[in-house]
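Every value quoted in this text rests on a predicted model; they were computed, and no experiment measured them.
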Amino acid sequence: MHDNTLILIEVGALLLGMSLLGRLSIRIGISPIPFYLIAGLAFGEGGLIPLDASSEFFAVGSEIGVILLLTLLGLEYTASELLTNLKQSKTAGIMDALFNALPGAAFALILGWGPVAAVALAGITWVSSSGVIAKTIRDLGRISNRETPIVLAILVIEDLAMAFYLPVLSAVVIGVSLLQGAITVAIAVGVVVLILFLALRFGHVISRIFTPEHNEPLLLGVLGLTMLVAGIAAQVNVSAAVGAFLVGIALSGKVAQNAGEVLTPLRDLFAAFFFVFFGLATDAGDLIGMLVPAIILAAITMATKVATGYLSAKRAGIGVPGRWRAGFALTARGEFSIVIAGLAVGAGVAPLLAPLATAYVLITVILGPILARVPDARWFKATLKRRALARAS
């Protein structure tokens with residue numbers, strides 16, 4: 001059979017299967033991410049039927065998926081909103097980083113993976129899944145709740161922190177000398193700061209390049225600019241994903257709104273490729289061996305996320321039920337954790353980091369939306385009421 005024909009068959013069959021898995025996730029009420037990861041594991045290295053012919057296709061598609069994920073995330077904010085949130089919630093952001101990055105770093109060192117893997121695992125456990133959490137908040141009707149701005153502020157700070165963390169991680173995993181690493185990181189951070197400055201001062205000018213009234217040229221233009229900037233960013237050792245994120249931030253007004261609408265279907269398609277490809281590149285046999293460490297890590301860092309949300313909401317004067325809602329809402333990890341793991345494993349850092357990250361994300365992304373519902377349960381409300389009465393007496 002011709003290679004191109006086999007690619008069409010493999011990709012078509014997998015997309016059809018992913019569609020059915022997506023419907024199942026909607027029916028169950030959880031994110032489809034774990035199903036896509038499992039699909040990749042089933043047909044990847046050590047899986048049931050390895051999809052060798054289409055692996056390169058999915059590799060390219062997964063790269064585009066990361067770029068689109070970050071672009072759409074950037075379109076949700078303006079540069080001024082990012083800076084405002086950073087100023088208002090910097091204490092919560094620092095607390096979030098300390099509570100959740102340090103356990104990941106310590107865990108990697110305990111496993112004997114070394115300092116480079118520690119930097120990567122710190123990022124994996126630090127960053128919550130904006131997509132899963134935003135969907136959970138919408139599904140539970142909490143958009144107007146008092147604690148929701150706290151949750152969103154923490155997510156925004158994490159997204160912004162990634163713009164600096166990913167270039168640092170890229171330099172670290174390359175294994176360059178201390179001086180070369182310092183220069184690489186300085187250039188990368190300088191580029192990020194420059195793009196943020198341009199987005200803040202000249203974002204409206206960049207938006208005028210595009211016409212929001214016509215979908216086709218808008219789609220082609222925004223996608224072209226995003227991929228161009230992502231490629232240039234990667235060339236100067238800034239993550240392509242960060243470049244895409246900053247393009248999204250630079251666009252504003254009607255252009256940003258309409259671009260989000262036309263890019264969303266593409267994002268959904270290629271983001272699914274990304275999660276499937278990560279599963280394809282992970283040996284299913286290794287996943288079983290890393291299941292217990294993943295459960296332990298998930299238990300520790302989901303608890304630290306709950307503490308982050310609870311204490312941040314408490315500082316903002318939110319009542320006890322809202323504090324718990326904020327804490328439980330933040331527990332899911334997802335897209336960024338996989339991006340970080342993919343970057344580290346692709347550079348040859350701790351091969352077992354991929355199965356650990358996959359199992360870890362599977363656990364948190366399944367349990368996260370379930371835990372987010374706990375504060376609304378009758379038994380939980382009754383427990384809080386009893387404790388309030390006991391304190392008052």
Pairs in or reaching into residues 291-309: which pass side-chain hydrogen bond (donor to acceptor under 3.5 Å, both in side chains), with residues at least two apart or in two chains? Asp96-Lys305, Asn100-Thr304, Asn100-Thr308, Ser128-Lys305, Glu158-Lys305, Thr301-Tyr360

Who pairs with Ala272 by side-chain contact (heavy atoms from CB on, under 4.5 Å), at least two apart in sequence or on another chain? Met18, Tyr36

Enumerate, atom names and distances included, each donor-acceptor pair closer than 3.5 Å involving a side-chain atom of residues 214-230, sequence neighbours excluded.
| residue | atom | partner | partner atom | Å |
| --- | --- | --- | --- | --- |
| Thr226 | OG1 | Val222 | O | 2.7 |

side-chain contact (heavy atoms from CB on, under 4.5 Å) partners of Ile94, counting only residues at least two apart: Leu98

For Phe107, give me all partners under ring-ring contact (aromatic ring centres under 6.0 Å, His included), at least two apart in sequence or on another chain. none

Ignoring hydrogens, what is the shortest heavy-atom contact between Val127 and Ser337? Give both atom names and the distance. O-OG, 3.7 Å

Quick one: side-chain contact (heavy atoms from CB on, under 4.5 Å) partners of Arg378, sequence neighbours excluded? none

All ring-ring contact (aromatic ring centres under 6.0 Å, His included) counterparts of Phe210, not counting sequence neighbours: none

Should we say atom CD1 of Ile295 is surrounded by more than 12 heavy atoms from elsewhere, each under 6.0 Å from it? yes

Who pairs with Trp126 by ring-ring contact (aromatic ring centres under 6.0 Å, His included), at least two apart in sequence or on another chain? none

Is it true that Val292 and Leu352 fall in one hydrophobic cluster, defined by side-chain heavy atoms closer than 4.5 Å? yes

Could you tell me which residues satisfy side chain to side chain donor-acceptor pair (under 3.5 Å) with Asn145, sequence neighbours excluded, listed by chain and number? Glu147

Non-neighbouring partners of Arg142 that pass side chain to side chain donor-acceptor pair (under 3.5 Å), sequence neighbours left out: Asp376

When hydrophobic residues are tied together by side-chain contacts of less than 4.5 Å, even through go-betweens, does Ile38 share a cluster with Leu20? no

Write down the atom of Thr331, the atom of Thr364, and the distance for their closest heavy-atom approach. O-CB, 3.8 Å

Pairs of donor and acceptor atoms involving the side chains of residues 255-265, under 3.5 Å and at least two apart or interchain, shall be tabulated with distances.
| residue | atom | partner | partner atom | Å |
| --- | --- | --- | --- | --- |
| Asn258 | ND2 | Pro212 | O | 2.7 |
| Thr264 | OG1 | Gly260 | O | 2.4 |

With sequence neighbours excluded, what pairs up with Leu24 under the side-chain contact (heavy atoms from CB on, under 4.5 Å) test? Ile28, Phe35

Gly368 versus Met302, closest heavy-atom pair with distance: N-CE, 4.2 Å

List the atom of Arg323, the atom of Ile318, and the distance in Å for their closest heavy-atom pair. NE-O, 2.8 Å

